Amino acid sequence: AQKITQTQPGMFVQEKEAVTLDCTYDTSDQSYGLFWYKQPSSGEMIFLIYQGSYDEQNATEGRYSLNFQKARKSANLVISASQLGDSAMYFCAMRGGASGSARQLTFGSGTQLTVLP
Amino acid sequence: GAVVSQHPSWVICKSGTSVKIECRSLDFQATTMFWYRQFPKQSLMLMATSNEGSKATYEQGVEKDKFLINHASLTLSTLTVTSAHPEDSSFYICSASTTRHNQPQHFGDGTRLSIL
């Protein structure tokens, strides 16, 4: 069974500062993928960043980077230079198993990020 | 990028009504789609996995007869909430993905369902 843990129900950050959202995971799969999604109050799920279990380098997408520590089973999201529009719920998710089948995502409980002006 | 369209965005209807929600993958073929339910300030809860041309796979505790899923083509899955009651009021969201492991699931914009 797979499990994603997000221990921060809510986080506050000052505009233009960086913030780290924590995510730890547990899986018995050797091959898996880790995803971060942003969900603003309007409800849509916005894909932010992906990290594969065999990727040697940490993923980066613009202001988003993923601090992947495989031995610790953590995949923290770092948002640099926070903007007011970053205020949203953030979900960490994992998909396990090898390629060839569209497998479901396992979601964490989410972190509500509020960016302060 | 890949787009998933979900319709309607919101529904308000009377108790006892059946409501159909559509989920379409617009620019790729999705053999598998997923249906989630989300309560306020909570995470997404997987309801069922919709497989093109075969029966959906429901998660434990989800009533198959209450939540009917049809995946008749590679681009369309529907969720029908039958004889809806106020406790069925929720945010329902679908997603679709290819079989490529490193491709994210793409989500529809969700449907807010309110049963009076």
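On a predicted model such as this, the values are computed, not experimentally measured, just so you know. Order of the sequence lines sets the chain letters (A, B, ...), proteins ahead of strands, with each chain counted from 1.
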Side chain, backbone, both or neither of S42(A) within contact of chain B (heavy atoms, under 4.5 Å): backbone
Shortest non-hydrogen contact between Y37(A) and Q105(B), atoms and distance: OH-O, 2.6 Å
Engaged part of Q38(B) at the chain A interface, taking heavy atoms whose separation is under 4.5 Å: side chain
Nearest atoms (heavy-atom pairs only) where S43(B) meets F107(A): OG-CB, 3.4 Å
Value rounded to 0.5 Å, distance of CD1 in I46(A) from CG in D109(B): 9.0 Å
Residue part contacting chain B, namely of Q51(A), when any heavy atom lies under 4.5 Å: neither
Connected via hydrophobic side-chain network under 4.5 Å: F34(B) and F91(A): yes
Pairwise distance CG(L44(B)) to CD(Q104(A)) - rounded to 0.5 angstrom: 12.5 Å
Co-membership, hydrophobic cluster, residues M45(A) and Y36(B), 4.5 Å side-chain: yes
Interatomic spacing from CZ in F107(B) to CG in L105(A) - rounded to 0.5 Å: 5.5 Å
Shared hydrophobic cluster, L116(B) / V19(B) (ILVMFWY, side-chain heavy atoms < 4.5 Å): no
Common cluster, I4(A)/L77(A), ILVMFWY with side-chain heavy-atom separation under 4.5 Å: yes
E87(B), CD: over 12 other non-hydrogen atoms inside 6.0 angstrom: yes
Linked, directly or transitively: I115(B) and I93(B) (ILVMFWY side chains, under 4.5 Å): no
Closest heavy-atom pair and its distance - P104(B), F47(A): CB-CD1, 3.5 Å
Enclosure of K70(A) NZ (heavy-atom neighbours >12, cutoff 6.0 Å): yes
Atom group of S41(A) that falls short of 4.5 Å from chain B, counting heavy atoms: backbone
